[in-house]
Amino acid sequence: MSSILKPVQTDETTTLAQQEPLTTAAEQTDGFHLVIDALKANDVDTIYGLVGIPITDLARMAQAEGLRFIGFRHEANAVNAAAIAGYLTKKPGIAMTVSAPGFLNGLVALANATVNCFPMIMISGSSEREIVDLAQGDYEELDQLNAAKPYVKASFRINHVEDIGIAVARAIRAAVSGRPGGVYLDVPAKLLGQAMDAAAGKKSIVKVVDPAPAQIPAPEAITRALDVLKNAKRPVIMLGKGASYAQADADIRAFVEKTGIPYLAMSMAKGLLPDNHPQAAIAARSYALKEADCVMLIGARLNWLLSHGKGPTWGGKDHKDWADKKFVQIDISAQEMDSNVPIDAPLAGDIGSTIAALLKEIEQSGFDKPDAAWTGAIKEKSDANVAKMAKTLSSKSSPMNFMTALSAMRDVLKTRPDICLVNEGANTLDLARSVIDMYEPRKRLDSGTWGVMGIGMGYAIGAAVTTGKPVVALEGDSAFGFSGMEVETICRYNLPVTVVIFNNNGVYKGNDVNPTGGADPAPTVFVKGARYDKMMEAFGGIGANVTTPEELSKALTEGIASGKPTLINVVIDENAGTESGRIAHLNPQSAAKKK
Ligand code: ADP
């Protein structure tokens, strides 16, 4: 249904109450209503944003028209929420910001969505084109369209009210088709107030047909890939977050089980098959990557997180060396193939269609499972590493260190495999990734491709709104600082989010000192003994300060069960933690030392 109202002013003082429906024959609609109609026609139900000139009325009208508007305290968090909603649903998440500074605040998260291949659209209000283009100094003047371009998959500006329908359709298709990504949609203030005939407006709305069409690989690519896999002696499968995103869970599991190939999972692909699956090689990752003679990548890129497929991690001699391995890769982007190492069997297609085609072929032609010597060696290595980890986890420390606290968290989270775990930090991210097992797809949401800090509260809110289930956000104290003010948003919408902060008084750790003896703290140090739990209490949520694993278990269990906003401040030894967690080698000094 198209909504019809008297054309409204872009002036913020115009409120909904002042806009009376027209009853005359020549009914009119406007830019505000057409944006909303276009989103609704494409089944958008939620907008994540932050209001101000010129989008305040757009947000009000969206809410009045039945869309959910989740208002944030900083644009980056709203855009992160939309991005993770896109990842979880395969539909573009929608974010909305004001012009120039609000747009730029959101752009960082929009770029992060693009880098991670999450489908979303950021809609930003913008100022007068004529003034911007002549650089005459408008309120919040910025050439937003061009500023966005390098960081997004596509960007569009709508100049005429009659183009809103087609522009929204284009933005949706750009976000979800092929390799998903972030799209920028520029909405000048003047456009929102533009009026047009309501019937013509209704006709201009476009419902996108098949926004993410299947991409089916050629039969010869399927045969070639299976030949490579069948000739391998020590194959391994690497699942990436593209595989989780694809929502082809049952077929991926059937493929792994029918081939009998051991599998590894990138961080956000953990749980696609349960981490305790008998074919999981996760605890023998280093061994499997070094020893494998064939690696099948399913929705995972050979970027820095996989040492670019080269060097000692992969059994090569030095970091430039391509190890002697065959690679099979499934990716929707054909351009991804050969990005770092030669791909022997590229499968350019969507994961759902490609896995279905591979399954069909092995049902017909059969597949011999890998030799027991290979799977047995992986199992032996896994068992030894799991036993080693169990020993570390059982050692108690007071004050708690990361492992003591994680041991308690792991036991509680095991009882709720159905809920999302958001995770960021340095040590808090790296250690939690290995300690906390995942059992269901798309439940682990973390710093992703950039290893970025600041996704915490945005992802937690996006996940809670999208799934309607409890969410746990496990945060380093430094990481939490980037989005911490959103605890107010969590309380305002009464979301079932339990934030757990591993508080060791600083970035990496809190024991650094200023070498000059001056009054300023060292660059990595925060206020000692800070009580983050009080922040949640300030807005009416539940706060807990815990110093033992027993207290942590109890507070976490209660937080999840209550379904209420909760923040648990976990006191961690300020001497615990290592510089930069597991990526210390990327610091210039460590890199220089190595040379
Ligand atoms: P990870 O960080 O888990 O290794 P990446 O983000 O590096 O994962 O890789 C995800 C890959 O998955 C991207 O190259 C992207 O093009 C691909 N991808 C995303 N969705 C699909 C899909 N539906 N089918 C095939 N490939 C996909």
Side-chain angles (χ1 to χ4, degrees), residues 83-84 86-92 111-120 153 173-182 210-217 221-222 225 236-249 251-252 255 263-273 275 282 285 289 295-309 313-314 327-341 343 345-358 423-424 429-430 433 438 441-452 455 583:
I84 212 64
Y87 170 71
L88 290 170
T89 62
K90 289 186 96 177
K91 293 198 302 188
N112 186 56
T114 307
V115 164
N116 280 282
C117 314
F118 297 160
M120 69 157 298
K153 188 176 169 198
R173 195 177 282 287
V176 293
S177 63
R179 171 182 277 176
D210 195 12
Q215 293 189 25
I216 301 159
I222 295 289
V236 70
I237 289 172
M238 174 62 83
L239 302 169
K241 61 178 166 322
S244 300
Y245 173 79
Q247 296 193 16
D249 309 338
D251 271 4
I252 290 174
F255 178 75
Y263 74 91
L264 295 162
M266 297 299 288
S267 187
M268 282 179 59
K270 272 166 71 77
L272 180 46
L273 272 78
D275 279 356
I282 297 170
R285 187 179 195 267
L289 290 183
V295 181
M296 179 182 203
L297 301 158
I298 307 183
R301 285 172 285 187
L302 283 173
N303 56 16
W304 69 284
L305 289 161
L306 281 173
S307 308
H308 306 283
T313 307
W314 295 84
F327 280 94
V328 177
Q329 183 165 24
I330 310 182
D331 205 292
I332 201 153
S333 165
Q335 215 184 331
E336 186 55 38
M337 316 295 173
D338 308 322
S339 56
N340 285 278
V341 302
I343 301 298
L347 286 160
D350 77 89
I351 287 166
S353 306
T354 309
I355 292 286
L358 287 165
N423 187 201
E424 63 174 337
L429 174 78
D430 290 339
R433 187 173 46 229
M438 306 306 295
R442 295 172 293 284
K443 300 299 182 208
R444 190 183 154 81
L445 313 170
D446 68 23
S447 302
T449 304
W450 263 349
V452 72
I455 48 91
I583 51 173

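Counting convention: from 1, in listed order, for ligands and their atoms alike. Worth knowing before you read on, the calculation uses all heavy atoms, side chains too, and leaves out hydrogens, waters and symmetry mates.
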Contacts under 3.5 angstrom, residues 237-246 side chains, donor-acceptor by atom type, not counting sequence neighbours:
from   : atom 1 : to     : atom 2 : distance (Å)
Lys241 : NZ     : Asn116 : OD1    : 3.3
Lys241 : NZ     : Thr449 : OG1    : 2.7
Ser244 : OG     : Met268 : O      : 3.3

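Remark: the backbone N or O of Leu302 is paired with a side-chain donor or acceptor of Asn340 at under 3.5 angstrom. Remark: side-chain polar atoms of Trp314 are paired, donor with acceptor, to backbone N or O of Leu306 under 3.5 angstrom.
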Quiz item: Going through the checks in order, is the side-chain hydrogen bond (donor to acceptor under 3.5 Å, both in side chains) test met by Asn423 and Arg433?
Solution: CA-CA 8 Å; Asn423 187 201; Arg433 187 173 46 229; over 6 Å; no
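Annotation: side-chain contact (heavy atoms from CB on, under 4.5 Å) contacts of Ala345 (sequence neighbours excluded): Arg224, Ala225, Val228, Val328. Asp249 meets the salt bridge (Lys or Arg N to Asp or Glu O under 4.0 Å) test with Arg442; sequence neighbours excluded.
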Extract all N/O-N/O pairs under 3.5 Å that connect ligand 1 to the protein, and present each with both atom names and the distance rounded to 0.1 Å.
from     : atom 1 : to     : atom 2 : distance (Å)
ligand 1 : 2 (O)  : Lys241 : NZ     : 2.8
ligand 1 : 3 (O)  : Lys241 : N      : 2.7
ligand 1 : 6 (O)  : Lys241 : NZ     : 2.8
ligand 1 : 6 (O)  : Arg301 : NH2    : 2.8
ligand 1 : 7 (O)  : Arg301 : N      : 3.2
ligand 1 : 7 (O)  : Arg301 : NE     : 2.9
ligand 1 : 9 (O)  : Gly299 : O      : 3.4
ligand 1 : 9 (O)  : Arg301 : NE     : 3.4
ligand 1 : 14 (O) : Arg179 : NH2    : 2.9
ligand 1 : 14 (O) : Asp331 : OD1    : 3.3
ligand 1 : 14 (O) : Asp331 : OD2    : 2.5
ligand 1 : 16 (O) : Arg179 : NE     : 2.8
ligand 1 : 16 (O) : Arg179 : NH2    : 3.4
ligand 1 : 16 (O) : Asp331 : OD1    : 2.6
ligand 1 : 24 (N) : Ile351 : N      : 2.9
ligand 1 : 26 (N) : Ile332 : N      : 3.1

